[in-house]
Amino acid sequence: MKILYFAWMREHTGCAAEQITLPENVKTVSELASYLGSLSAGHQTALRNLKTVRVAINRKYASLESPVRADDEVAFFPPVTGG
Amino acid sequence: MKILYFAWMREHTGCAAEQITLPENVKTVSELASYLGSLSAGHQTALRNLKTVRVAINRKYASLESPVRADDEVAFFPPVTGG
Amino acid sequence: MQVTVLVCEDDFDVGAETEALRGTGVGAIASFTGIVRDTDGTGPSQHLIALTLEHYPQMTETEITRIVAEAGERWPLAAVRVIHRVGRLAPQENIVFVGTASAHRDAAFESAAFIMDYLKTKAPFWKKEETQEGAHWVDARLSDDEALEKWKRR
Amino acid sequence: MQVTVLVCEDDFDVGAETEALRGTGVGAIASFTGIVRDTDGTGPSQHLIALTLEHYPQMTETEITRIVAEAGERWPLAAVRVIHRVGRLAPQENIVFVGTASAHRDAAFESAAFIMDYLKTKAPFWKKEETQEGAHWVDARLSDDEALEKWKRR
């Protein structure tokens, strides 16, 4: 599974993209975020407040309850500030 | 007094501008319109429906009740359609 | 607030007009360009040959300047440019440009729409349309008068 | 509806973009240009050195195209052009262009404002500001989220 981080979340995790093997017990975005948060102190900081985190699965907005699959591209990012 | 007509009112009166001597009993725009309507059949047609006529005194919007003076420039025109 | 109001026969350059609205603190420029359409709106068969815009010299500039000043009281604007053409115009030609510059987008968008709504109903211009069936003066639209209501409620 | 969506580092030409929106039946073009301001908005002393725009490639185009398609369902639009720059931008540089073309001004104005409001809150771009006191990521503004409410009520 491909994971992407943007803006200050990318700076905390120290990587823009990482390839992970999805653990069997991880079925939703929420569970995925918990798992990723356990990878490093930086990951934990990036994902500590899920209320302010936006998620996209395969480049479409998703929610914490959305199901994830091994071949998904899942992106975590802060609220957007373009325009 | 200088009187101006625009658009289809100008076509009815046959003139864009005319110089008139303000009759003594004419004190308001409404009375002025009645007087001008008596000048020719074309004037009468132009001024027959004052509800759809707009008036400006010295290039500022005025109403039928506005007072008129001998040195005013009074313009009559249909609702505007610019832009 | 820097204000430019022009009523003229010449065409204008939207790029140059927009460029002229830039300045310190300006983060948002909204612009509107009005263009002569090919039909007079009564149906696709009423092909428009040309539009002639008549105006009341002196009063047009005065009235537009007054409208722009009112916009400047309602929104924090850095610059406004309004250009309105007069004379005979063919389909696809520009008629009017309204550009507003502000720190933020709401002020720019709303003031440009406000100026256009007032210009349509207050500035002394009149359109005469030439179609294949003859020439006629354009009737004022009730919807243009109604457009002013939304600004009065504020 | 002709749609052009571009996300790129290069600057754009407002005049050429507006010109490209012309076409048969188009009587109204509304445009918005977003520009890097000199301050970060927290005060006059916070002089901005540069802004860096990061984005999520592929998703930005997809999301903007989706927003434009929704605008096309709400208003009768002939053409829409959206350009959003990414990378490092200095004060006074262009950030974003939104242009809409329609027969009438209401559709053009409202759809351009609609697209900007959604772009601000949905398109995956992030701004990092460099001031003399260092660099920081721009916080999302609650007022941008609130701006969406007016479109939901319709």
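Hydrogens, waters and symmetry mates are skipped; everything else that's a heavy atom, side chains included, is used. Below, chain A is the first sequence line, B the second, and so on; all start at residue 1.
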**Student:** Which pair of non-hydrogen atoms, one from A/G83 and one from D/L119, has the smallest distance, and what is that distance?
**Tutor:**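 Nearest pair, atom of A/G83 first, then D/L119: CA-CD2, 3.7 Å.
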
**Student:** Answer yes or no: is there an ion pair linking D/K128 with A/E11, defined by an N-O contact shorter than 4.0 Å?
**Tutor:** yes

**Student:** More than 12 heavy atoms of other residues, nucleotides or ligands under 6.0 Å from CD of D/E93: yes or no?
**Tutor:** yes

**Student:** Fit a plane to each ring of D/W126 and A/F6, take the angle between them on a 0 to 90° scale, and name the class: parallel (under 30°), tilted (30 to 60°) or perpendicular (over 60°).
**Tutor:** parallel

**Student:** Any side-chain to backbone donor/acceptor pair from A/T81 onto D/K127? Under 3.5 Å, distance only.
**Tutor:**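 At least one qualifying donor-acceptor pair exists.
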
**Student:** Is it the case that atom CD in A/Q19 sees more than 12 heavy atoms from other parts of the structure closer than 6.0 Å?
**Tutor:**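 Buried by this count: over 12 neighbours within 6.0 Å.
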
**Student:** Can you tell me which portion of D/Q58 sits under 4.5 Å from chain A's heavy atoms? Options are side chain, backbone, both or neither.
**Tutor:** both

**Student:** What option among D/T62, D/V138, D/T52 has the most heavy-atom pairs under 4.5 Å with chain A?
**Tutor:**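 Result: the option with the highest number of such pairs is D/V138.
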
**Student:** A side-chain contact here means heavy atoms from C-beta on lying under 4.5 Å apart; do A/K60 and D/R66 qualify?
**Tutor:** no

**Student:** Answer whether the closest heavy-atom distance between the side chains of D/M59 and A/Y61 falls below 4.5 Å.
**Tutor:** yes

**Student:** So which atom in A/A56 and which in D/Y56 form the shortest heavy-atom distance, rounded to 0.1 Å?
**Tutor:** CB-CE1, 4.3 Å

**Student:** For D/D144, is it the side chain, the backbone, both or neither that has a heavy atom under 4.5 Å from a heavy atom of chain A?
**Tutor:** neither

**Student:** Between D/H84 and A/G82, is there a donor-acceptor pair closer than 3.5 Å when you use the side chain of the first and the backbone of the second?
**Tutor:**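 No.
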
